[in-house]
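Chain letters run A, B, ... following the sequence lines, proteins first and then strands; every chain starts at 1. The shown structure was predicted, so the numbers you read here are calculated from the model rather than taken from an experiment.
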Amino acid sequence: MKDYGKITHFFKDGSRPQASCKSTACWNKRNHPKRRHYLEERYNAQKIEKKWQEFWDREKLFAVTEEAGRPKFYCLEMFPYPSGRIHMGHVRNYVIGDVITRYKKMRGFNVLHPMGWDSFGMPAENAAIKHGVHPSKWTHENIAYMKDQLKKMGLVYDWQREVTTCSPEYYKWNQWFFLKMLERGLAYKKASSVNWCPSCETVLANEQVVNDGCWRCDTAVVQKDLEQWFFKITAYAEELLKDADTLSGWPEKVVTMQRNWIGRSEGVEVDFRITGSERKLRIFTTRQDTLYGATFMSVAGKHPVIQELVKDEEILRQIKALSDDPEEKQGVFTGCYAENPLTGDSIPVYAANFVLMEYGTGAIMAVPAHDQRDFEFAKKYNIPLKVVIVERSGDVSVDPSNPGTLESSDPKEAFEDYGTLVKSGPYSGLSSEEKKKKIADFLEREGLGKKVVNYKLRDWGISRQRYWGTPIPIIYCPSCGIIPVPEDQLPVILPEDVHISGKGGSPLAETKGFVNIKCPRCGADARRETDTMDTFVDSSWYFIAYCLGGNEKVDFNSELSTLNSQLSYWMPVDQYIGGIEHAVLHLLYSRFFTKVLRDLGLVRVNEPFKSLLTQGMVIKDGAKMSKSKGNVVDPDFLVGKYGTDTVRIFSMFAAPPERDLEWSDQGVDGALRFLNRIWTFIYKNHDVLSIKAGNQLKDVSHFSASASQLLRKTHQTIKKVTNSIERDYHFNTAIAALMELVNETLAFSPSDEDERDLLRYTVRQVILLLSPFAPHFSEELWREIGESGVLFNENWPAWDDDIAKDEEIELVVQLNGKVRARITIAAGLDDDTIRERAFSDEKIQELIKGKSPRKVIVVQGRLVNIVI
RNA sequence: GCCGAAGUGGCGGAAUUGGUAGACGCGCACGAUUGAGGGUCGUGUGGGGAGACCUAUGCGGGUUCGAGUCCCGCCUUCGGCACCA
């Protein structure tokens, strides 16, 4: 175990950062050579930040190893796509993580805080098309630049664990997972109608279509029939849903979005016999209680039954011509009739534009009286309604034989609620809920149907017709068919010498050296798969790669026991921080991958992320920062102008992390002012403060009122800052509390040596509390007050509740709930005494003169309310 | 349409279990320092009123000694889903 506490020098070569008082006005320089200033007179952020960044980097202070018995904390921020430069959203995200990391470190945790690059993806290809630079070169240059930016922000990571998803060492394992999933039937290929982005010229998964547009470029998505590879995420639908209940550290909003996305519904599948045919039409419904009310059926335009049974060309033409406008219900009568299995009624079968082939069975029974869509459809095509459920109306019981039907009363809309059944044969008079179960049982018993569970969640299509991604390790052989690349031939390297034109299809298809290959089974000429994987595959397990030591160290074939000891030490991620935009996409895929990896015996956790913090956007002038709006703030510029500590303080102070943050240049000035005031104060009081403070105060009994107050405030602040961080990472209130303490500290003038001790003690606590937020600044001041260790190896300050307790409190005296007086009393008096004090107040006596109070309420530490 | 979150000074935002509304910061005003500006420091700052006081947390009700906080009904804004049978 590293003993950080014993570091006495600063750099490995034994040199120390030089004390640097250049001020000629500094008398200490002449008179007290042994107590020289460490600080310069003025706060020069650029200078000190560079120094400490080099120091942290050189000492690798955030390199961690598993230490059995020491509590771990895995703090993770969503890794960036290396688009070229860090933006303010990154700054906010990563500063939050850095503050948590430094805080947890000071609380004694073994903190894993890694960083990497989500470096496969379209912008690299676009750059290649536009500027003729190879995606690889472009990506690696961006990574180098952005890594430097992160360091300049004072973010500390275990860079030894860095991952870069576009490197073969990394994407090899994407391919390996693919093969493992193929073996288990979790990866498969099928032809289907897919979402196609004409601009990106690639397929998109369902989750990646946002408002009918591409999640990346907003281009309208079209449907296209293609063969592509899928991951069978639906095999885990039930578990993903069930385990959503265990995500107590996640925002409820995100969990709800995932539940809705999975979209579980319980119902029955029922077979309807088609009149004059052996063909049965299977439908899915969750409202089998309305089965008696079915007056027609609807099937999707693409339903196979149409091809089988409809012979009339004109009808087929009309079905094809059905509009896909969601506003307008449209249908065509197929000429077929079906039999209701419960009533034997013959009802017409329509093709309808609102029935989805992809959900359920692609066919429904239509109950216009109890489903709004069916209702609208029935009205349009003059199909009769049959009311089978009526509202339960209090104590008025409905006579099942004569329900007073709504049929004649021409309802305006369908009655979709549960209620009491009418006109439903033997089930009449029962409640919907009761009948649902009975009918389901009956159908199952009679072989007419079965209970099923349906999900909205679709399998995850991962094929992308792009170059800059992980090659799918598959070979197509004319005689052997689809052959997986043998495991020992991984990775299938993405060739570098390709021509990227941006015109149609993947460039890999035209790269002969890549495509043409011998079949590993029979040796015949064969072709490689030229699609690459969705980049969300890369980000679905990167948090596991970090645990194993980063890019080069990942090896899932190595001894499982070694793997397991690393993974079970670090996993799950204790705190994950990132944008809400991944609420479904990345977070759902990662949960799925974790479960698959668990079933492969690689990890032991069911869920990857214990707690999730979704930070708000950074906005300016009321809108999200964007080039087109011209309201972007450049982090490089800010750090150059103010220094990163000021930027960090403002970012953490201006709003709680989950809310949007309105950027304010004047607010940043204020943050700098705050730091400057502390700096100047410590510099000016050098002769008092440069003496190292003890951890205990000697004698506080004779303290002046102002000294007692400062001591109390110090402990109150430690408590408040700690609680703000622990409770919900509300750094804004933590910093506000620190500002209050600083204000009081600066106003304090000690009157003797014990009180000077107090000042030293308080300043020491301030620096410790400030250090996660303004780390460079704090390290510098730490030296000035005679300390030598590294700040984040110090213990986080503790408070004493007895000292933090107020001795005197101001009490509000209310008359009938309105504040009428304020009295100052000693803390801890009993109710009777407090009441007495309240009544003896002159103003109160005046106001209640002659009246006798009806009631007096005493709230300890708060107020007295006299009701007259 | 359905689901969820949020509405507090000129602005960003504070307010354990219902208990002093507006902490902290920005801005603004006045004063000090300075030749001047900037910077820094001090004082003040929800609205109304000379004042005692009155009035204020989107709007309207309710519960309570007491409501930003709890309940009912609306309005607005922002997110998510949107024919899922």
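Of the listed nucleotides (B:rG25, B:rC83, B:rU20), B:rG25 has the atom at the smallest distance from the side chain of A:Arg677. Nearest to the side chain of A:Val812, among B:rU40, B:rG66, B:rU20, sits B:rU20. Nearest nucleotide to the side chain of A:Met739, out of B:rG80, B:rG66, B:rC24: B:rC24. Counting only heavy atoms from C-beta on, A:Ala736 has its side chain closest to B:rC24 among B:rC24, B:rG27, B:rG19. When each of B:rC24, B:rG27, B:rU20 is scored by its nearest atom to the side-chain atoms of A:Glu740, the top-ranked nucleotide is B:rC24.
Taking atom CD on A:Gln666 and atom P on B:rC26, their separation rounds to 10 Å, with Å as the unit. In this entry the distance linking CZ of A:Arg835 with C1' of B:rC65 reads 13 Å, nearest Å. Note: CG (A:Asn816) to P (B:rU64) measures 15 Å, nearest angstrom. We find that OH of A:Tyr359 is positioned 13 Å from P of B:rA82, with the value rounded to whole Å. Rounded to an integer number of Å, the gap from CD of A:Glu416 to P of B:rG1 is 15 Å. We find that NZ of A:Lys456 is positioned 8 Å from P of B:rC83, with the value rounded to whole Å. Atoms CD (A:Gln330) and C1' (B:rC83) sit 14 Å apart, rounded to a whole Å. Between the CG atom of A:Leu672 and the P atom of B:rG39 there is a distance of 12 Å, rounded to whole Å.
Residue contacts for A:Gly670: at a heavy-atom cut-off of 4.0 Å it reaches the sugar-phosphate backbone alone, with no base atom in range. Heavy atoms of A:Asn743 sit under 4.0 angstrom from primed sugar atoms or phosphate atoms, though from no base atom. A:Ser265 comes within 4.0 angstrom of sugar-phosphate atoms only, judged by non-hydrogen atoms across all strands, and of no base. When heavy atoms are screened at a 4.0 angstrom cut-off, A:Glu810 is found touching base atoms of the nucleic acid. Residue contacts for A:Arg854: at a heavy-atom cut-off of 4.0 Å it reaches no nucleic acid atom on any strand shown. Heavy atoms of A:Val867 sit under 4.0 angstrom from primed sugar atoms or phosphate atoms, though from no base atom. Looking at heavy-atom distances under 4.0 Å, A:Glu252 makes no contact with the nucleic acid at all. Within the 4.0 angstrom heavy-atom criterion, base atoms lie near A:Val355.
Using Watson-Crick or G-U wobble geometry with both donor-acceptor distances under 3.5 Å, B:rU43 finds its partner in B:rA29. Searching all strands for a Watson-Crick or G-U wobble partner of B:rC53 with both distances below 3.5 Å returns B:rG48. With a 3.5 Å ceiling on both atom-pair distances, B:rG22 lacks any Watson-Crick or G-U wobble partner. Base pairing annotation: B:rA36 forms no Watson-Crick or G-U wobble pair, as no partner gives both donor-acceptor distances under 3.5 Å. With a 3.5 Å ceiling on both atom-pair distances, the Watson-Crick or G-U wobble partner of B:rG7 is B:rC75. Pair assignment for B:rU63: none, as no Watson-Crick or G-U wobble contacts are both less than 3.5 Å. With a cut-off of 3.5 Å on both pairing distances, B:rC83 has no Watson-Crick or G-U wobble partner at all.
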Go through it in stages, so that I can follow the logic: the residues are A:Tyr359 and A:Ser265, the test is side chain to side chain donor-acceptor pair (under 3.5 Å), and I'd like the CA-CA distance, side-chain angles, deciding distance and then a yes or no. CA-CA 11 Å; A:Tyr359 186 77; A:Ser265 61; 2.8 Å; yes
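With salt bridges taken as basic N to acidic carboxylate O contacts below 4.0 Å, none links A:Arg822 and A:Asp841. A salt bridge links A:Glu328 with A:Lys380; the closest basic N to acidic carboxylate O contact falls under 4.0 Å.
Between the A:Asn454 side chain and the A:Arg264 main chain, no donor and acceptor come within less than 3.5 Å of each other. For the pair A:Ser724 (side chain) and A:Thr733 (backbone), a donor-acceptor distance under 3.5 Å is absent.
Shown are A:Asp374, A:Ile347, A:Val355, A:Thr334; of these, the side-chain contact (heavy atoms from CB on, under 4.5 Å) with A:Met297 is made only by A:Ile347. Tested against A:Arg287 for a side chain to side chain donor-acceptor pair (under 3.5 Å), the candidates A:Thr290, A:Asp289, A:Thr285 yield a single pass: A:Asp289.
Atom name C1', nucleotides B:rG66 and B:rC84: the rounded distance is 49 Å, in whole Å. Spacing of P atoms, B:rU55 relative to B:rG68, comes out at 13 Å, to the nearest Å. Spacing between B:rG18 and B:rC70 at atom C1', rounded to whole Å, works out to 8 Å. Nucleotides B:rU69 and B:rA15 are separated by 16 Å at their P atoms, to the nearest Å. Nucleotides B:rA67 and B:rU57 are separated by 11 Å at their P atoms, to the nearest Å. Separating the P atom of B:rG9 from that of B:rG58 is a span of 8 Å, rounded to the nearest Å. The gap from the P atom of B:rG22 to that of B:rG10 amounts to 16 Å, rounded to the nearest Å. Of the P atoms belonging to B:rG31 and B:rG38, the separation is 14 Å, rounded to the nearest Å.
With a 4.5 Å cut-off on side-chain heavy atoms, A:Leu587 and A:Trp250 count as touching. Annotation: side chain of A:Gln860 is in contact with side chain of A:Asp831 (closest heavy-atom distance under 4.5 Å). Looking only at side-chain heavy atoms (C-beta outward), A:Lys450 and A:Arg282 come within less than 4.5 Å of each other.
Under 4.0 angstrom from either OP1 or OP2 of B:rC26 there lies at least one side-chain N or O belonging to A:Arg673.
Counting non-hydrogen atoms of other residues, nucleotides and ligands closer than 6.0 Å to NZ of A:Lys437 gives a total of 12 or fewer. Around atom CZ of A:Arg259, more than 12 heavy atoms belonging to other residues, nucleotides or ligands sit under 6.0 Å away.
Along RNA chain B, the nucleotide nearest to A:Ile580 and the one nearest to A:Asn260 differ in position, and the one closer to the 5' end is contacted by A:Asn260.
Nucleotide B:rG9 carries a syn base; the chi torsion (O4'-C1'-N9-C4 or O4'-C1'-N1-C2) is within 90° of 0.
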So if I define the base as every atom that isn't primed, P, OP1 or OP2, how would nucleotides 49-56 of chain B read as a B/S/- string at a heavy-atom cutoff under 4.0 Å? ----SSS-
Base contacts versus sugar-phosphate-only contacts with protein, heavy atoms under 4.0 Å: please encode nucleotides 5-18 of chain B as B, S and - from 5' to 3'. -------BSSS---
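Ring geometry for A:Phe377 against A:Tyr381 counts as tilted: the plane angle lies between 30° and 60°, on a 0 to 90° scale.
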